[in-house]
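First the structure, in the form of structure tokens, and then the observations on it.
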Amino acid sequence: MADKQKAGAFDIRVVIAALIGVYGLVLTILGIIADPAEVAKADGLNINLWGGIGMLVFAALFVLWSRLRPIVVPADPDKTPAD
Amino acid sequence: MLAQESVLRLDAQAIDYIIIALYFVFVLGIGYLAKRAVSNSLDFFLSGRSLPAWVTGLAFISANLGAIEIMGMSANGAQYGMPTVHYFWIGAIPAMLFLGVVMMPFYYGSKVRSVPEFMLRRFGKPAHLVNAISFALAQVLIAGVNLFLLATIVNVLLGWPIWISTVVAALIVLSYITLGGLSAAIYNEVLQFFVIVAALLPLTLVGLHKVGGWQGLVDKVSAGPGGAEQLSAWPGNELSGFTNSTLSVIGLVFGLGFVLSFGYWTTNFVEVQRAMASKNMSAARRTPIIGSFPKMFVPFIVIIPGMIAAVAVPELQAVKAGTGSEVTYNDALLLLMRDLLPNGMLGLAITGLLASFMAGMAANLSSFNTVMTYDLIERYVIKDRSDDFYLRTGRWVTVIGTLVAIGTAAIAAGYSNLMDYLQQLFSFFNAPLFATFILGMFWKRMTATAGWVGLVSGTATAVVVFVLSETGVIDLPGQGASFVGAGAAFVVDILLSVVISLMTRPKTDEELKGLVYSLTPKADRTEAAQEGDHGWYRKPTLLAGISLAMVVVLNIVFG
């Protein structure tokens with residue numbers, strides 16, 4: 001248990017942050033360029049904009065989490081580091 | 001379904017399709033990345049028992065957050081209102097906590113690779129066969145239901161032919177599971193969980209905004225045909241089908257809360273498999289407990305939108321008032337999406353629905369292939385081959401299971417309320433299973449013969465109650481019939497198991513070590529804290545206590 005190594009590129013938190021982050025970016029842009037008729041459909045609430053910003057914040061928090069607490073796997077010769 | 005096309009067709013545009021397509025790129029990418037971690041059958045079927053607790057915990061609830069659950073629960077929300085929360089707060093949470101605190105030590109500690117394998121070690125071959133076969137059968141059936149629903153929804157929403165979406169969805173799920181095994185399924189379930197929340201949370205907020213906030217919803221529901229009783233969870237007469245309030249509470253607590261839900265959450269390998277994939281005993285026990293925290297808030301993004309749809313969508317108002325049948329309750333979420341979401345968010349909402357269909361189906365298939373390979377093929381058909389052989393077998397079993405699921409999709413077509421259909425399946429298999437497990441774990445005298453006789457007779461009882469209620473001999477509207485069926489199956493199983501145990505010879509104490517509570521040393525049931533398990537917030541029992549207290553508060557606030 002003494003030897004540790006950081007896991008490779010595949011940290012599911014980064015993958016989640018990437019997808020939600022891209023969604024957030026797309027929705028935020030849609031929200032900024034939204035024409036008033038579309039906004040009226042959602043009862044005057046620009047949900048693309050607010051939803052998009054929310055997702056960007058979420059993605060940033062997930063990246064921060066994976067930076068602060070990276071996955072460590074015990075360097076055990078019997079086991080392939082799984083993730 | 002064809003008649004609904006014009007009503008429900010969504011105005012999806014290029015940007016929505018891009019959002020949907022992006023999701024599938026990620027899903028397949030995870031399958032590919034997870035493939036690198038698969039080098040033997042344990043990696044494929046149990047993720048090499050290496051995953052952290054928060055991942056397995058989210059996968060634990062995501063595996064259950066299939067579209068049947070989402071659409072069915074919002075349908076129930078639209079029809080019955082707040083009493084639907086019982087499926088979460090009385091149903092799921094206590095059972096999940098019980099699994100983590102009491103039962104997981106036996107599952108994880110005995111190092112079995114599946115729930116049927118525990119059955120084998122505790123009760124021997126007959127009980128094992130009954131359990132493994134009925135489980136495998138139920139999983140392909142449910143996978144078929146998921147697939148059929150996905151295809152009909154895509155057909156209604158986007159106008160694609162049913163067979164195309166069936167085959168495309170099946171191919172996508174198939175490719176990431178055959179590539180990455182359980183890891184791919186679990187990682188995708190975690191991703192799906194966040195996509196589903198990202199889709200449903202904005203829908204709920206816009207919906208609440210539309211009806212004038214929480215107070216607006218309260219006023220509108222009170223003024224509607226359901227009346228104010230749909231705003232409080234108890235006693236839930238409409239949901240249980242009992243007219244007497246006391247009977248309704250007893251039916252909900254014993255039928256839904258105890259037998260149906262404990263049966264489902266504690267013995268269903270689809271769920272338990274996620275916990276078995278975690279890295280150590282402490283993480284395995286924390287899996288369902290961590291899952292219980294998001295689970296208790298799922299009703300707010302599933303049931304509330306259903307209730308909003310029932311008061312905000314004209315077609316659904318007509319159904320509720322009994323004056324229209326253009327749509328059904330199952331369409332509640334779709335109608336709300338159609339009316340409220342702009343392009344962009346609409347694409348994300350469709351993605352969320354597709355994600356939940358695939359989460360459900362992938363969970364069914366990844367547990368199906370494990371039971372088929374480890375419990376049926378390796379144990380009874382082709383024994384003692386190399387691990388590599390069983391890894392390949394597992395991949396082929398997944399392919400065959402998918403094909404069978406496509407075939408069984410048609411069975412689901414005949415039922416109007418999806419939840420009814422699912423509850424029936426659960427009460428056939430899960431209620432007697434829970435009875436046998438709980439007796440077997442705590443009563444060392446229980447014998448092998450009692451194990452399989454109890455299971456078979458319990459399942460038969462559930463089927464009899466089902467037939468009686470279908471033919472009108474027992475008349476309980478709502479979900480009452482499945483509560484009664486599950487309760488009867490449980491009681492019959494326990495009674496017969498006790499009687500038969502007293503007449504047959506039990507296993508020796510030595511054979512039952514690690515499988516029965518009184519014969520397992522405390523050290524084997526608890527975990528030696530390892531790296532990453534320290535800190536008060538990682539203690540399973542304390543976490544479970546916090547979760548339970550929160551559910552009690554929720555029940556009081558919304559009771």
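All values reported here derive from a predicted model rather than from experimental measurement. Reminder, nothing fancy here: chain letters follow the sequence lines and each chain counts from 1.
Taken to the nearest 0.5 Å, the CG atom of B:L341 stands 8.5 Å off from the CG atom of A:N48. Rounded to the nearest 0.5 Å, atoms CD1 (B:I30) and CD1 (A:I12) are 4.0 Å apart. Here CG of B:L205 is found 12.5 Å from CH2 of A:W50. Values are rounded to the nearest 0.5 Å. Here the straight-line distance linking atom CD1 of A:I47 with atom CG of B:L348 works out to 10.5 Å at 0.5 Å rounding.
For a residue to count as touching a neighbouring chain, one of its non-hydrogen atoms must lie under 4.5 Å from one of that chain's; by this rule B:S183 does not touch chain A. The contact between B:V55 and chain A is made entirely by side chain atoms (from C-beta outward), counting heavy-atom distances below 4.5 Å. In this structure, chain A has no heavy atom under 4.5 Å from any part of B:I18.
Counting only residues at least two apart or on different chains, the salt bridge (Lys or Arg N to Asp or Glu O under 4.0 Å) pairs with a member in residues 176-200 of chain B are B:E189-B:R274.
For CZ of B:F297, the number of neighbouring non-hydrogen atoms (other residues, nucleotides, ligands) closer than 6.0 Å is greater than 12.
The candidate with the highest count of non-hydrogen atom pairs below 4.5 Å against chain A, out of B:V190, B:L191, B:L203, is B:L191.
Looking at A:L30 and B:N343, their side chains never come closer than 4.5 Å, going by heavy atoms from C-beta outward. Inter-residue side-chain proximity for B:I19 and A:L27 is flagged as met; some heavy-atom pair is nearer than 4.5 Å. Between A:V15 and B:Y187 there is no side-chain heavy-atom pair separated by less than 4.5 Å.
Between B:W54 and A:F62, the ring-plane angle classifies as perpendicular under the 30° and 60° cut-offs. Classification of the B:F194-A:F58 ring pair by plane angle, with boundaries at 30° and 60°, yields tilted.
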